[in-house]
Amino acid sequence: FPGLIFAMITIALATHTINRLVVGSVRESIHGLPPLNVIRKITAATMLSTLSSLVRAGLPVLGALLAMRDATNSTYMRYYLDYAVNNMRSGVARQGPGKAIGSKLFSPWVMVKLDIYSRASGDSFAQTMSEIAGDATTEAMSSIESLSRWINIFLMIGAAVVIGFTIITMYGITSDMQSGLT
């Protein structure tokens, strides 16, 4: 039991440290590992839904990205916001704002939608960006459900091992006491 608790605390601390300190290509190489994959999808959904809200409120895409970058405390999200701002400033947005925003943060399906919908007018893209954010949120929720199922399985196995060890120990103690009485 103490080993299980120690392992869980170690995983939580490692995840927290990686989330705070590791960005760029190193982080992208470990994107798929749980629970980092869940953090990735939550960050993508948050970025798109916030960007969608700001653009629909009247800010230009670049202004919304800059406002988000200045307001976030997440180094992970700030990395991708900087990437999008740099793409916007370098002219990638001429191919559509979805091209400038798109990065390895998003799943391939979200990337395709960003690319396709951004080819239309700016107003149309602002309207459909909330749908894309909804898709990203659905992906994030699916990842959370999957991770929680795995955690539940591991905790049940851990509990079974602890209970089994306790029963075996109690049986051993009872057997020793009975053999001492005879």
Peer 1: Should M88 and V92 be marked as a side-chain contact (heavy atoms from CB on, under 4.5 Å) after you check the CA-CA gap, both sets of side-chain angles, and the distance that decides it?
Peer 2: CA-CA 6 Å; M88 293 291 286; V92 175; over 6 Å; no

Peer 1: Any idea which heavy atoms bring R56 and S130 closest together, and the distance?
Peer 2: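 Smallest heavy-atom distance, with atoms named: NH1-OG, 3.7 Å.
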
Peer 1: Rounded to the nearest 0.5 Å, what separates atom CD in E145 from atom CE in M141?
Peer 2: 6.0 Å

Peer 1: Specify the closest pair of heavy atoms between L147 and P34, including all atoms of both residues, with the distance to one decimal.
Peer 2: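 Heavy-atom minimum between the residues: CD1-CB, 4.0 Å.
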
Peer 1: Linking I/L/V/M/F/W/Y whenever any side-chain heavy atoms sit under 4.5 Å apart, do I132 and W109 land together?
Peer 2: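 Cluster IDs for I132 and W109 differ.
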
Peer 1: Quick check on the 6.0 Å ring-centre criterion: do Y79 and Y83 meet it?
Peer 2: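 No, the ring of Y79 stays outside the 6.0 Å limit from the ring of Y83, centre to centre.
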
Peer 1: State, with a plain yes or no, whether a side-chain heavy atom of N87 is found less than 4.5 Å away from one of I101.
Peer 2: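 N87 vs I101: side chains apart.
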
Peer 1: Of the non-hydrogen atoms in G102 and L114, which two are nearest, and what is the gap between them?
Peer 2: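 That closest heavy-atom pairing would be CA-CD1, 4.4 Å.
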
Peer 1: So V61 and L54, do their side chains get closer than 4.5 Å, heavy atoms only?
Peer 2: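 Side-chain contact under 4.5 Å: no.
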
Peer 1: Could you check whether the rings of H31 and Y80 sit parallel, tilted or perpendicular, using 30° and 60° as the cut-offs?
Peer 2: tilted

Peer 1: With a 3.5 Å distance limit and no angle check, can you tell me whether R69 reaches the backbone of M77 through a side-chain donor-acceptor pair?
Peer 2: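 Not a single qualifying donor-acceptor pair exists.
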
Peer 1: If I compare all heavy atoms of S143 with all of K41, which pair ends up nearest, and what's the gap?
Peer 2: OG-CD, 3.0 Å

Peer 1: In this structure, would V162 and F165 fall into the same cluster of hydrophobic residues linked by side-chain contacts under 4.5 Å?
Peer 2: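 No, V162 and F165 fall in different hydrophobic clusters.
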
Peer 1: Closest approach of M68 and M47, non-hydrogen atoms and distance?
Peer 2: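 Looking at all heavy atoms of both residues, the shortest contact is CE-O, 3.4 Å.
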
Peer 1: If Ile, Leu, Val, Met, Phe, Trp and Tyr residues are connected whenever their side-chain heavy atoms lie under 4.5 Å apart, and connections chain through other members, are I11 and F154 in the same group?
Peer 2: no

Peer 1: N152 side chain to S148 main-chain N or O, any donor-acceptor pair under 3.5 Å?
Peer 2: no

Peer 1: Measure the CG-OG distance between N37 and S107 for me, rounded to the nearest 0.5 Å.
Peer 2: 12.0 Å

Peer 1: Return the minimal non-hydrogen interatomic distance between L65 and A84, and the atom names on each side.
Peer 2: CD1-CB, 3.8 Å

Peer 1: Within the 4.5 Å heavy-atom criterion, are T17 and V22 side-chain neighbours or not?
Peer 2: no

Peer 1: Evaluate the side-chain contact (heavy atoms from CB on, under 4.5 Å) criterion for residues I42 and I144: first the C-alpha distance (whole Å), next the side-chain angles of each, then the deciding distance (0.1 Å), finally the verdict.
Peer 2: CA-CA 9 Å; I42 291 171; I144 291 170; 3.7 Å; yes

Peer 1: I need the F106 CZ to K113 NZ distance, nearest 0.5 Å.
Peer 2: 13.5 Å

Peer 1: When you measure from the side chain of T72 to the backbone N and O of R78, does any donor-acceptor pair fall under 3.5 Å?
Peer 2: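 Between the backbone of R78 and the side chain of T72 there is no qualifying donor-acceptor contact (under 3.5 Å).
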
Peer 1: Between L66 and L81, does the side-chain contact (heavy atoms from CB on, under 4.5 Å) criterion hold? Intermediate values first, please.
Peer 2: CA-CA 8 Å; L66 289 170; L81 289 167; over 6 Å; no

Peer 1: Roughly how far, to the nearest 0.5 Å, is the CD1 atom of I173 from the CE atom of M177?
Peer 2: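 If we round to the nearest 0.5 Å, M177:CE and I173:CD1 are 8.5 Å apart.
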
Peer 1: Could you state whether V26 and L36 fall into the same hydrophobic cluster, counting links through intermediate Ile, Leu, Val, Met, Phe, Trp or Tyr residues with side-chain heavy atoms under 4.5 angstrom apart?
Peer 2: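 Yes.
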
Peer 1: Quick check: does any side chain N or O of T128 sit under 3.5 Å from a backbone N or O of E131, one acting as donor and the other as acceptor?
Peer 2: no

Peer 1: Given the rule in the side-chain contact (heavy atoms from CB on, under 4.5 Å) test, do D115 and M111 qualify, once you have shown the distances and angles that lead to the verdict?
Peer 2: CA-CA 6 Å; D115 185 32; M111 287 290 295; over 6 Å; no

Peer 1: Within the 4.5 Å heavy-atom criterion, are I30 and I18 side-chain neighbours or not?
Peer 2: yes

Peer 1: Can a donor-acceptor pair be found between the side chains of N19 and R27 at a distance below 3.5 Å?
Peer 2: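 The criterion, which ignores hydrogens and geometry beyond distance, is satisfied for R27 and N19.
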
Peer 1: Can you get from Y76 to L33 by hopping between Ile, Leu, Val, Met, Phe, Trp and Tyr side chains that sit under 4.5 Å apart?
Peer 2: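 The answer is yes; both residues are in one hydrophobic cluster.
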
Peer 1: When rounded to the nearest 0.5 angstrom, what distance separates OG in S175 from CE in M170?
Peer 2: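 Reported to 0.5 Å precision, the distance equals 11.0 Å.
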
Peer 1: Is there a donor-acceptor contact under 3.5 Å from the side chain of T10 to the main chain of F6?
Peer 2: yes

Peer 1: Give a yes or no answer on whether the side chain of S53 reaches the backbone of S49 with a donor-acceptor pair at less than 3.5 Å.
Peer 2: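 Flag set: sc S53 to bb S49 pair under 3.5 Å.
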
